Amino acid sequence: MSGFSKGAEAPAARAHTQTQSAFDLSELCCPLTKKVMVDPVILKDDGVTYEREAIEEWISGGGNNKLTPSGSRLTTGKLIVNVSMLDAIEASGLEARG
């Protein structure tokens with residue numbers, strides 16, 4: 001026996017679940033806007049997922065001497081829809097409501 005009662009283990013398990021949920025929520029947020037993404041796209045140049053509107057604005061504004069927000073060299077500016085992230089956002093129920 002571990003020396004812990006079931007009651008003593010439950011709060012720790014709940015705390016872990018709450019921490020994991022907060023971590024997962026941050027993964028659904030754009031690193032530029034800090035908001036849950038509506039149209040998540042991967043910037044091919046750095047492999048990071050951004051909100052489409054935010055990264056398009058960054059690129060069109062010259063974005064810090066042609067570096068990506070993560071500091072990689074901006075070469076193509078190609079955006080790829082992140083279907084997995086879109087599915088995760090929709091499954092979370094956190095997608096933007098009109």
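This chain uses plain numbering: 1 for the first residue, then up along the sequence. Since we're looking at a predicted model, the values are computed, not measured. Just so it is clear, the values below take in all heavy atoms, side chains as well, and ignore hydrogens, waters and symmetry mates.
Counting heavy atoms from C-beta outward, Ile89 and Pro40 have side chains that approach closer than 4.5 Å.
Among all heavy-atom pairs drawn from Val41 and Val81, the shortest one is CG1-CA, 4.1 Å. When all heavy atoms are compared, the tightest approach of Glu27 to Met37 is O-CE, 4.3 Å. Closest non-hydrogen pair, Ile55 versus Tyr50, comes out as CB-CB, 3.7 Å.
Atom CE of residue Met85 and atom CD1 of residue Ile42 lie 8.0 Å apart, to the nearest 0.5 angstrom. Rounded to the nearest 0.5 angstrom, Leu74 CG and Asp46 CG are separated by 8.5 Å. Note that the CD1 atom of Ile59 and the NZ atom of Lys78 stand 12.5 Å from one another [nearest 0.5 Å]. Considering CZ of Arg73 and OG1 of Thr68, their distance stands at 10.5 Å, rounded to 0.5 Å.
Atom CD of Glu53 has 12 or fewer heavy atoms from other residues, nucleotides or ligands within 6.0 Å.
Residues passing the side-chain hydrogen bond (donor to acceptor under 3.5 Å, both in side chains) test with Ser84, sequence neighbours excluded: none. Listed by chain and residue number, Thr49 satisfy the side-chain hydrogen bond (donor to acceptor under 3.5 Å, both in side chains) test with Asn82 (two or more places apart in sequence, or in another chain).
Under the salt bridge (charged side-chain N to carboxylate O under 4.0 Å, His left out) criterion, the residue pairs touching residues 31-43 are Asp39-Arg52, with sequence neighbours excluded.
Side-chain atoms of Asp45 and Ser72 include no donor-acceptor pair closer than 3.5 Å.
Glu51 places a side-chain N or O within donor-acceptor distance of the main-chain N or O of Val38, the cut-off being under 3.5 Å.
Residue Leu86 is not grouped with residue Val36 when hydrophobic side chains (ILVMFWY) are merged at heavy-atom distances under 4.5 angstrom, including chains of intermediate members.
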